[in-house]
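Just so we're clear, the structure is a prediction, and the values are computed from it rather than from any experiment. Counting begins at 1 with the first residue of the sequence.
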Amino acid sequence: MTLIVLNFKTYRESTGQEAVRLAQICEDIARDYSVQMAVVPQVADISAISKTVKIPVFAQHVDGVGYGGFTGHITAASLKAAGASGSLINHSERRLKLAEIDASIVACRAAGMKMIVCTNNVATTRAAASLGPDYVAVEPPELIGSGIPVSKADPEVVTKSVEAVKRIAPNVEVLCGAGITHGEDLRAALELGSAGVLLASGIIKAKDQRKALEDLVTGVRK
Ligand code: G3P
């Protein structure tokens, strides 16, 4: 089933009360159009959102540390307790070193959380897939926030990522992101072999977020 992951980032339109409201819209869309949606709010909003909606709530980042003497870190256990069921790791706007990515994956796995490791090209997709996350999401950084969809501007990064992951770790699913906004962008992404999309500004900054999501889901294969 196609997975649509909406990253709330730190946009004003998806912070605090607005984050809860947007998560409710995502839940409505998931129910009304029978699509699988996950929301990715800021950490401080996870608890309120997970008490309000039943769709999966992911964190934007998780550290590979456990209980103990660590300050300013985000543990998988605390995310789980707040109601998150997974986390992004290594988003382009929150890059990690390879060893840290591995530690974050291990921490998520130990907590029973799903992980989406973000990558910027085919080579890093290969490296991420070899660590065995649930998903790899390839997003060319130059297209992030551009409104120019990766599925049209750089289809090869998606098809080559899908091929590479199939060879290295066939159980890992590939998402793609950057500039995805409309149903046709999503449809193109699915035709390139991705299992879904990771997106943000096209929905969050839209005048009418619900309408923007309704447009997006027209691209889902039934
Ligand atoms: O995490 C999704 C993201 O980086 C893509 O952002 O605004 O291009 O959809 P956007």
For this session: List the atom of Ala77, the atom of Ala111, and the distance in Å for their closest heavy-atom pair.
Result: N-CB, 4.4 Å
For this session: Answer with yes or no whether the hydrophobic clustering places Leu175 together with Ile148; edges join I, L, V, M, F, W, Y residues whose side-chain heavy atoms lie under 4.5 Å apart.
Result: no
For this session: Please name the pair of heavy atoms, one in Val158 and one in Cys176, separated by the smallest distance, quoted to 0.1 Å.
Result: CG2-CB, 3.9 Å
For this session: Carefully, step by step, assess Cys26 and Ile55 under the rule side-chain contact (heavy atoms from CB on, under 4.5 Å).
Result: CA-CA 8 Å; Cys26 290; Ile55 55 173; 3.7 Å; yes
Problem set entry | Side-chain (Gln209) to main-chain (Ile204) donor-acceptor, under 3.5 angstrom | yes
Exercise. For residues 94-106, which residue pairs qualify under salt bridge (charged side-chain N to carboxylate O under 4.0 Å, His left out), counting only residues two or more places apart or in two chains?
Worked result: none
Problem set entry | Value rounded to 0.5 Å, distance of CG in Leu98 from CG in Leu131 | 5.5 Å
Exercise. Heavy atoms, side chains only, cut-off 4.5 Å: are Ile4 and Leu216 in contact?
Worked result: yes
For this session: Tell me whether Met37 is reachable from Leu3 by hopping between hydrophobic residues (I, L, V, M, F, W, Y) whose side-chain heavy atoms are closer than 4.5 Å.
Result: no
Exercise. Do Ile101 and Ile74 belong to the same hydrophobic cluster, where Ile, Leu, Val, Met, Phe, Trp and Tyr are linked whenever their side-chain heavy atoms lie under 4.5 Å apart, directly or via other members?
Worked result: yes
Exercise. Where the side chain of Thr2 meets the backbone of Val220, is there a donor-acceptor pair that is under 3.5 Å apart?
Worked result: no
Exercise. Side chains of Val150 and Val157: does their closest heavy-atom pair fall under 4.5 Å?
Worked result: yes
Seminar exercise, completed: Here the pair of heavy atoms bringing Ala128 nearest to Val117 is CB-CG1, 3.7 Å
Exercise. For the side chain of Ser14 and the backbone of Phe8, is there at least one donor-acceptor N/O pair under 3.5 Å apart?
Worked result: yes
Exercise. Any idea which heavy atoms bring Ala212 and Ala206 closest together, and the distance?
Worked result: CB-CB, 3.7 Å
Seminar exercise, completed: residues 132-148 vs side chain to side chain donor-acceptor pair (under 3.5 Å), sequence neighbours excluded, gives His91-Glu139
Problem set entry | Short side-chain donor-acceptor distance under 3.5 Å, Gln42 and Thr15 | yes
Exercise. Which pairs count as salt bridge (charged side-chain N to carboxylate O under 4.0 Å, His left out) when at least one residue sits in residues 201-220, sequence neighbours excluded?
Worked result: Glu13-Lys205, Asp28-Arg210, Asp208-Lys211
Exercise. Is there a donor-acceptor pair closer than 3.5 Å between any side-chain N or O of Gln60 and the backbone N or O of Leu88?
Worked result: no
Exercise. Please walk me through it: do Asn120 and Ser92 pass side-chain contact (heavy atoms from CB on, under 4.5 Å)?
Worked result: CA-CA 7 Å; Asn120 59 315; Ser92 187; 5.8 Å; no
Problem set entry | Minimal non-hydrogen separation, Cys108 against Ile89, with atom names | SG-CD1, 4.3 Å
For this session: First locate atom NE2 of His61, then atom CG of Leu96, and finally report the distance between them rounded to the nearest 0.5 Å.
Result: 5.5 Å
Exercise. Does anything in residues 77-90 pair up under side chain to side chain donor-acceptor pair (under 3.5 Å), and if so which pairs, sequence neighbours excluded?
Worked result: Thr75-Ser78
Seminar exercise, completed: Rounded to the nearest 0.5 angstrom, the CG-SG distance for Asn7 and Cys118 is 8.0 Å
Problem set entry | 4.5 Å side-chain heavy-atom contact, Val39 and Ile49 | yes
For this session: Using ring-ring contact (aromatic ring centres under 6.0 Å, His included) as the criterion, list what pairs up with Phe70, not counting sequence neighbours.
Result: His73
For this session: For Arg109, check salt bridge (charged side-chain N to carboxylate O under 4.0 Å, His left out) against everything at least two apart and list the hits.
Result: none
Seminar exercise, completed: In short, salt bridge (charged side-chain N to carboxylate O under 4.0 Å, His left out) pairs touching residues 173-192 with sequence neighbours left out are Lys152-Glu184, Lys152-Asp185
Exercise. Same cluster for Val35 and Ile180 if Ile/Leu/Val/Met/Phe/Trp/Tyr side chains link at under 4.5 Å?
Worked result: yes
For this session: Just do the side-chain contact (heavy atoms from CB on, under 4.5 Å) check on Val217 and Ile29 with the steps written out, would you?
Result: CA-CA 8 Å; Val217 298; Ile29 296 287; 3.7 Å; yes
Exercise. Less than 4.5 Å apart, any side-chain heavy atom of Val57 and any of Pro41?
Worked result: yes
Exercise. Among all residues two or more places apart in sequence or in another chain, which pass the side-chain hydrogen bond (donor to acceptor under 3.5 Å, both in side chains) test with Ser50?
Worked result: none
Exercise. Checking side-chain contact (heavy atoms from CB on, under 4.5 Å) for the pair Val40/Leu6: CA distance, chi angles, key distance, verdict?
Worked result: CA-CA 6 Å; Val40 191; Leu6 186 60; over 6 Å; no
Exercise. Side chain of Asn121, backbone of Ala123: donor and acceptor closer than 3.5 Å?
Worked result: yes
Exercise. In chain order, what residues pass the ring-ring contact (aromatic ring centres under 6.0 Å, His included) check against His182, with sequence neighbours excluded?
Worked result: none
Problem set entry | Shortest non-hydrogen separation from Ala178 to Pro140 and the atoms involved | CB-O, 3.9 Å
Exercise. Which pairs with one or both residues in residues 41-54 pass salt bridge (charged side-chain N to carboxylate O under 4.0 Å, His left out), sequence neighbours excluded?
Worked result: none
For this session: Could you tell me which residues satisfy salt bridge (charged side-chain N to carboxylate O under 4.0 Å, His left out) with Glu18, sequence neighbours excluded, listed by chain and number?
Result: Arg21
Exercise. Does the side chain of Leu213 reach to within under 4.5 Å of the side chain of Ile25, using non-hydrogen atoms?
Worked result: yes
Problem set entry | Identified side chain to side chain contact (heavy atoms under 4.5 Å, CB included) partner of Phe58 from the options Ile46, Ile116, Leu198 | Ile116
Exercise. For Glu156, which residues count as a side-chain hydrogen bond (donor to acceptor under 3.5 Å, both in side chains) partner, sequence neighbours excluded?
Worked result: Lys160
